[in-house]
Amino acid sequence: MMQGYQIIFFTQADRMHRGQPVAGWLLQLARELGLRGATRISASEGLGHDHRLHAAGFFELVDQPELVLMVATGDECERLFARLADESLAVFHVKTAAEFGTAAAGPDNDA
């Protein structure tokens with residue numbers, strides 16, 4: 001097992017950075033930094049820091065909440081947040097200590 005962090009970034013579909021959606025940019029950054037993985041999750045509804053409800057509309061998804069979940073070691077986490085600072089990208093996040101690894105296949109757990 002490895003020790004590190006689970007980081008969740010909260011944004012919305014219409015928020016852009018360097019000409020692309022923030023969520024997509026964060027996924028590319030995770031790949032560039034060699035993180036073990038990242039997942040982009042589109043939500044149907046969320047409450048923002050401005051206390052407004054953000055939701056995917058019937059015809060438009062511009063206000064749709066999105067999450068990007070990453071797992072990183074301490075060193076990877078430092079590089080990630082240093083890069084965000086260099087980019088001057090302010091994005092709300094939650095960072096939680098985590099233990100992670102790959103579960104091994106066994107008699108009760110077929111891979």
Side-chain angles (χ1 to χ4, degrees):
M1 287 292 169
M2 298 185 72
Q3 300 295 318
Y5 299 93
Q6 175 182 339
I7 307 137
I8 305 171
F9 293 98
F10 296 80
T11 188
Q12 59 193 64
D14 63 345
R15 184 148 181 240
M16 306 293 276
H17 181 69
R18 295 190 176 267
Q20 61 182 312
V22 167
W25 186 86
L26 287 167
L27 283 177
Q28 288 182 345
L29 178 60
R31 183 177 188 187
E32 178 184 320
L33 295 176
L35 300 186
R36 286 161 181 74
T39 301
R40 180 178 183 172
I41 302 165
S42 297
S44 59
E45 193 170 42
L47 180 66
H49 68 278
D50 56 2
H51 302 286
R52 277 187 47 231
L53 281 178
H54 298 273
F58 188 69
F59 293 106
E60 290 187 69
L61 300 177
V62 294
D63 198 35
Q64 183 173 24
E66 292 190 319
L67 305 163
V68 177
L69 187 139
M70 300 179 185
V71 175
T73 64
D75 290 342
E76 292 167 341
C77 196
E78 286 179 24
R79 288 187 291 129
L80 171 66
F81 282 98
R83 181 64 183 277
L84 293 175
D86 289 346
E87 292 283 334
S88 298
L89 178 60
V91 58
F92 184 79
H93 71 278
V94 173
K95 178 178 150 186
T96 307
E99 180 178 280
F100 56 93
T102 303
D108 297 328
N109 183 16
D110 293 337

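Quick caveat, the model's predicted, so the values are computed rather than measured.
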Nonpolar side-chain network containing M2, other nodes, edges under 4.5 Å: V71, F100
To the nearest 0.5 Å, how far apart are CG in D14 and CD in Q64? 10.5 Å
About how many Å separate CD1 of I8 and CE of M70, when rounded to the nearest 0.5 Å? 11.5 Å
Minimum heavy-atom separation for [X] to [Y], with atom names?
| X | Y | result |
| --- | --- | --- |
| G74 | Y5 | CA-CE1, 3.9 Å |
| E66 | A13 | OE1-CA, 3.8 Å |
| A23 | R40 | CB-NE, 3.4 Å |

Hydrophobic cluster membership, with links at side-chain heavy-atom distances under 4.5 Å among I/L/V/M/F/W/Y: are [X] and [Y] in one?
| X | Y | result |
| --- | --- | --- |
| L67 | L35 | no |
| L89 | F9 | yes |
| W25 | V91 | yes |
| L27 | I41 | no |
| L33 | I7 | yes |

Quick test of your reading: applying side-chain hydrogen bond (donor to acceptor under 3.5 Å, both in side chains), list the pairs with at least one residue in residues 69-80, sequence neighbours left out, ordered by first then second residue. R36-E76, T73-E76
Tell me, which pairs form a side-chain hydrogen bond (donor to acceptor under 3.5 Å, both in side chains) where one or both residues lie in residues 93-105, sequence neighbours left out? Q3-E99
List for me each residue that meets ring-ring contact (aromatic ring centres under 6.0 Å, His included) alongside F10, sequence neighbours excluded, and say none if there are none. F92
Would you say that M16 contacts P21 through its side chain, given a criterion of any heavy-atom pair below 4.5 Å between the two side chains? yes
Residue pairs passing the salt bridge (Lys or Arg N to Asp or Glu O under 4.0 Å) test with at least one member in residues 3-12, sequence neighbours excluded, are none
Can you list everything that forms a salt bridge (Lys or Arg N to Asp or Glu O under 4.0 Å) with E32? Sequence neighbours excluded, please. R83
Going by the rule side-chain hydrogen bond (donor to acceptor under 3.5 Å, both in side chains), which residues pair with H17 if we only count those two or more places apart in sequence or in a different chain? E87
Could you work out, with side-chain hydrogen bond (donor to acceptor under 3.5 Å, both in side chains) as the rule, every residue matching Q6, not counting sequence neighbours? none
When you look at L84 and L29, which way does the side-chain contact (heavy atoms from CB on, under 4.5 Å) test go after all the steps? CA-CA 9 Å; L84 293 175; L29 178 60; 4.0 Å; yes
